[in-house]
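Heads up: the structure comes next, in structure tokens.
Model, not experiment: these values are computed from the prediction.
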Amino acid sequence: RGDNCVGVFKYMMVEFDNLSKEDQYRFWSGVHLPLRTLVDTGRKSVHAWIDIREFAPVEIVTLENWIQVIEKFYRQYLEPLGVDRACKNAARLSRLPGHYRKENQAYQRLIWLSANGRTI
């Protein structure tokens with residue numbers, strides 16, 4: 001579960017904790033990032049998986065690359081938009097569809113999945 005255990009760097013997980021789900025849907029429908037999937041957490045957030053191979057200026061193959069490129073991208077571009085700052089690490093876990101959350105009686109759901117690697 002630690003960053004040092006990540007062997008392949010493909011996606012970064014992005015979420016907002018301070019926006020309504022409706023505003024999160026609006027954001028993700030308009031942003032120009034290589035979005036691959038959206039998962040409703042069954043609570044207040046939507047988890048977005050962004051394909052870093054589509055926009056990183058270099059291939060991310062080491063944790064040091066991740067820190068230099070992706071964490072910098074988070075700080076410069078995503079955090080000012082209000083994304084959760086805790087999500088920038090390489091080993092960030094995401095919710096998966098199908099799990100039932102007893103505490104609020106809701107399922108985690110797949111909202112959107114990219115077709116053919118299409119960038120929106």
Side-chain angles (χ1 to χ4, degrees):
R1 255 186 83 164
D3 291 341
N4 289 323
C5 297
V6 176
V8 177
F9 301 87
K10 294 182 182 181
Y11 307 101
M12 66 177 173
M13 200 278 286
V14 180
E15 74 169 309
F16 291 91
D17 283 335
N18 59 351
L19 293 179
S20 69
K21 278 191 183 175
E22 292 77 20
D23 285 340
Q24 291 177 63
Y25 296 147
R26 285 185 195 98
F27 176 84
W28 292 117
S29 67
V31 72
H32 294 287
L33 287 171
L35 182 62
R36 293 300 173 246
T37 191
L38 293 173
V39 177
D40 184 316
T41 65
R43 291 194 68 200
K44 62 182 179 175
S45 296
V46 173
H47 285 190
W49 295 11
I50 308 299
D51 191 335
I52 64 169
R53 300 165 299 178
E54 295 289 322
F55 77 88
V58 297
E59 184 179 4
I60 308 297
V61 294
T62 66
L63 182 57
E64 291 75 25
N65 293 142
W66 179 277
I67 292 167
Q68 291 169 352
V69 176
I70 302 305
E71 289 191 10
K72 180 179 177 184
F73 180 81
Y74 249 89
R75 283 190 304 277
Q76 287 184 335
Y77 299 105
L78 297 176
E79 288 178 12
L81 296 173
V83 302
D84 185 348
R85 295 171 183 221
C87 295
K88 66 183 162 223
N89 66 306
R92 177 58 44 183
L93 299 175
S94 179
R95 302 286 180 172
L96 293 176
H99 177 72
Y100 183 72
R101 299 186 72 165
K102 293 179 194 176
E103 69 272 14
N104 59 324
Q105 300 179 342
Y107 279 97
Q108 295 170 175
R109 300 177 299 119
L110 178 65
I111 300 168
W112 187 82
L113 183 63
S114 86
N116 301 322
R118 183 178 66 105
T119 300
I120 65 168

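Scanning both residues, Asn18 and Gly82, for their nearest heavy atoms gives OD1-O, 3.3 Å. Closest non-hydrogen pair, Glu59 versus Asn65, comes out as O-OD1, 3.8 Å. Smallest separation of non-hydrogen atoms from Phe9 and Ala90: CE2-CB, 3.8 Å. The two atoms that bring Pro34 and Phe55 nearest to each other are CG-CD2, 3.8 Å, heavy atoms only. The two residues Trp66 and Asn89 come nearest to each other via the heavy atoms NE1-C, 3.6 Å.
For the atom pair Glu54 CD and Arg36 CZ, the distance stands at 5.0 Å (nearest 0.5 Å). The distance from the CE atom of Met13 to the NE2 atom of His47 is 4.0 Å, given to the nearest 0.5 Å. A distance of 14.0 Å separates CD1 in Ile67 from NZ in Lys72, rounded to the nearest 0.5 Å. The distance from the NZ atom of Lys88 to the CD atom of Glu71 is 6.0 Å, given to the nearest 0.5 Å. Between atom CG of residue Asp40 and atom CZ of residue Arg95 there is a gap of 11.0 Å, rounded to the nearest 0.5 Å. Atom CG in Asp84 sits 4.5 Å away from atom CG in Asp17 (nearest 0.5 Å).
Using the six-membered ring where Trp is involved, Phe16 and Phe27 have ring planes that are perpendicular, over 60° apart on the 30 and 60° scheme.
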Q: Go through Gln68 and Val58 one step at a time and tell me if the side-chain contact (heavy atoms from CB on, under 4.5 Å) criterion holds.
A: CA-CA 10 Å; Gln68 291 169 352; Val58 297; over 6 Å; no
Q: Run the numbers on Leu35 and Ile50 for side-chain contact (heavy atoms from CB on, under 4.5 Å), then give the verdict.
A: CA-CA 5 Å; Leu35 182 62; Ile50 308 299; 3.8 Å; yes
Q: Carefully, step by step, assess Leu38 and Gln24 under the rule side-chain contact (heavy atoms from CB on, under 4.5 Å).
A: CA-CA 10 Å; Leu38 293 173; Gln24 291 177 63; over 6 Å; no
Q. side-chain contact (heavy atoms from CB on, under 4.5 Å) between Leu96 and Val39: does it pass, once the steps are laid out?
A. CA-CA 7 Å; Leu96 293 176; Val39 177; 5.9 Å; no
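Using a 4.5 Å cut-off on side-chain heavy atoms (C-beta onward), Gln105 and Tyr100 make contact. The shortest distance between side-chain heavy atoms of Ile111 and Trp28 does not fall below 4.5 Å.
Other residues, nucleotides and ligands contribute only 12 or fewer heavy atoms inside 6.0 Å of the NZ atom of Lys44. Heavy-atom contacts from other residues, nucleotides or ligands closer than 6.0 Å to CZ of Arg53 number more than 12.
Using modelled atom types, one side-chain atom of Arg92 and one backbone atom of Ala86 make a donor-acceptor pair closer than 3.5 Å. Side-chain atoms of Thr37 come within 3.5 Å of backbone N or O of Trp112 as a donor-acceptor pair. At least one donor-acceptor pair under 3.5 Å links the side chain of Arg101 to the backbone N or O of Thr41.
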